[in-house]
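Below: the structure, in structure tokens.
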Amino acid sequence: MTWLLYGATGYTGRLIARRAVAQGQRPVLAGRNAAKLVPFAAELGLEHRVFDLSEPTAIRRGLKDVTAVAHCAGPFTRTALPMAHACVETRTPYLDITGEIDVFESLRALGTRAEAAGITLLPGAGFDVVPTDCVAALLAARLPDATQLDLAFLLGGGPSPGTARTLVEGAPDGGRIRSGGEIRSVPLGSRQVRAAFPSGARTVVSIPWGDVSTAYHSTGIPDITTYTAMPQAVVAASRAVRLGPLRRAVSGAVGLVVRGPGERRLAGTRSEVWGQATDAAGNKATATLTGPNPYRITSDAVLRIVQRLPDLAAGFQTPSRALGANFAASLDDVTVSIETPH
């Protein structure tokens, strides 16, 4: 199949492109910066296409004769909908690696049109949110009447430039939870739980992670909170910051300074997920997941999903709905453990 990788010269895009070539895949590399894209495509011996997401006609032209799109150019609050709309119009199956709640909800709203076009829209096809979404689905299957879901994760290796920009742009907006089936705004870090990760129990604080959107669509559980380990000083600073018109300028500067984990850190750092579902009677089911560095999980998941994308159910999909709750456990070096409800 001939699939297109947009955002191929970003940190994650390069990882995916190199891994694809190592596996014998031949994606078409795409992006808006010819100066970066042309030499990278030549290095890998791949076709390239240069187009900007601000031009709908150019996007449609760039999607000609490709069987699927892996969209990896963030921040996705600005880039996802232009690409997804073009994919619906050209009937090209779509995945991305967003972790942004509003992006998931916007793409879900586009799901009816995607279903009519006979294509899949599958956002969150990387570490955001494949591992956590699959853990959520496994817990819902183990405790079908669950009313509350807590999901927490630990990241090793540090962020890429794109992830850093997304965090800066989103920090002033505070936290988000799912309550009574609705997404609600709360102060960042307003909730804490003790999460029993495989490496040891940690106190984690609430953050606005993509599962606030996707886990609800995957499981129907009405109350969902997502967490990670974060120093209290960072939480306090995030609450205080109000960047306003400077937000994009600051995020751009962060993107220039942050380089993403190098090969040594990629190989030497891990990721962990903890999840707990609770029903109205107080019964609980718990699951954990361990895996390689989040960016390795992302590149592995994207390359597996993009091959299957044309054959998945049409419309908006979450990873666990499209691929099954055990999909994360099929990824390289990933282990999942589930406790019996008690």
Side-chain angles (χ1 to χ4, degrees), residues 1 3 5 11-25 27 68 70-72 93-99 104 120 122-142 151-160 163 197-199 209-211 214-215 218-219 226 228 260-261 263 265-275 286-313 317-338:
M1 61 182 292
W3 57 279
L5 172 60
Y11 179 83
T12 306
R14 286 177 177 267
L15 289 179
I16 294 170
R18 294 188 190 280
R19 185 167 183 151
V21 170
Q23 294 179 357
Q25 298 188 44
H71 176 47
C72 301
Y94 166 101
L95 70 75
D96 68 33
I97 55 171
T98 189
F104 286 115
T120 305
L122 201 162
F127 187 85
D128 310 4
V129 291
V130 168
T132 42
D133 188 59
C134 288
V135 165
L138 289 169
L139 289 171
R142 189 60 62 94
L151 292 168
F153 58 90
L154 298 177
L155 305 178
S160 71
T163 300
F197 293 105
S199 62
W209 195 248
D211 297 272
T214 53
S218 296
T219 69
T226 52
T228 195
E263 187 60 35
R265 187 170 288 184
L266 276 176
T269 52
R270 308 279 294 169
S271 57
E272 298 181 68
V273 173
W274 170 88
T286 305
T288 59
L289 177 150
T290 60
N293 180 277
Y295 292 100
R296 289 195 181 277
I297 288 181
T298 293
S299 59
D300 186 9
V302 166
L303 291 178
R304 291 176 190 246
I305 295 171
V306 76
Q307 295 292 317
R308 298 173 59 179
L309 200 55
D311 300 320
L312 298 178
Q317 299 293 333
T318 64
S320 67
R321 280 175 50 190
L323 301 151
N326 291 313
F327 174 69
S330 74
L331 300 176
D332 292 346
D333 199 22
V334 169
T335 301
V336 178
S337 175
I338 309 174

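FYI, side chains are in, hydrogens and waters are out, and symmetry mates aren't considered; it's all heavy atoms of this structure.
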Distance check, rounded to the nearest 0.5 Å: Arg308 atom CZ versus Leu95 atom CG? 12.5 Å
Indicate whether any N or O donor in one side chain lies under 3.5 Å from an N or O acceptor in the other, for Thr226 and Asp211. no
Before you tell me yes or no, could you show the steps for Ile338 and Thr286 under side-chain contact (heavy atoms from CB on, under 4.5 Å), namely the whole-Å CA-CA distance, both residues' side-chain angles and the distance that decides it to 0.1 Å? CA-CA 6 Å; Ile338 309 174; Thr286 305; over 6 Å; no
Atom pair OG/CZ of Ser299 and Arg14 - distance to nearest 0.5 Å: 15.0 Å
Rounding to 0.5 Å, atoms CZ (Arg321) and CG (Leu122) come to a distance of 9.5 Å
What are the two closest non-hydrogen atoms of Ala70 and Val302, and how far apart are they? CB-CG1, 4.1 Å
Min side-chain heavy-atom separation Pro292-Val334 under 4.5 Å: yes
Would Asn326 and Leu138 count as a side-chain contact (heavy atoms from CB on, under 4.5 Å) here? Give the steps. CA-CA 8 Å; Asn326 291 313; Leu138 289 169; 3.5 Å; yes
Applied to residues 324-336, the salt bridge (charged side-chain N to carboxylate O under 4.0 Å, His left out) test, sequence neighbours excluded, yields Arg19-Asp332, Arg270-Asp333, Arg304-Asp332
Minimum side-chain heavy-atom gap Leu303-Trp3 below 4.5 Å: yes
Is Phe127 close to Leu155 at the side-chain level, that is, under 4.5 Å between some pair of heavy atoms? yes
Kindly give the heavy-atom pair with the smallest separation between Ala322 and Leu312, and that separation in Å. O-CD2, 3.7 Å
A side-chain contact here means heavy atoms from C-beta on lying under 4.5 Å apart; do Leu154 and Ser271 qualify? no
Is any side-chain heavy atom of Gln307 closer than 4.5 Å to a side-chain heavy atom of Gln25? yes
Taking atom types as modelled, is there a side-chain donor on Ser218 or Ser320 under 3.5 Å from an acceptor on the other? yes
Looking only at heavy atoms, which two atoms of Ile97 and Gly126 are closest? And how far apart? CG2-N, 4.1 Å
Here the pair of heavy atoms bringing Val306 nearest to Ala68 is CG2-CB, 4.1 Å
Just so I know, are the side chains of Trp274 and Leu289 near enough to count as touching, which here means a heavy-atom distance under 4.5 Å? no
Which heavy-atom pair separates Val273 from Pro131 by the least distance, and what is that distance? CG2-CB, 4.1 Å
Drop me the distance from Thr318's OG1 to Asp133's CG, to the nearest 0.5 angstrom. 4.5 Å
Non-hydrogen side-chain atoms of Thr98 and Asp128 separated by less than 4.5 Å: no
If we count only N and O atoms by modelled type, under 3.5 Å, do the side chains of Thr288 and Glu272 hold a donor and an acceptor together? no
Whether the side chain of Asp96 engages the backbone of Gly124 through a donor-acceptor N/O pair (distance < 3.5 Å, no angle test) should be reported. yes
Where is the tightest heavy-atom contact between Gly210 and Phe104, given as atom of each residue plus distance? CA-CE1, 3.6 Å
Quick one: are Leu5 and Cys72 in side-chain contact, heavy atoms under 4.5 Å? yes
How would you list, by chain and number, every residue that makes a ring-ring contact (aromatic ring centres under 6.0 Å, His included) with Phe153, sequence neighbours excluded? Trp209
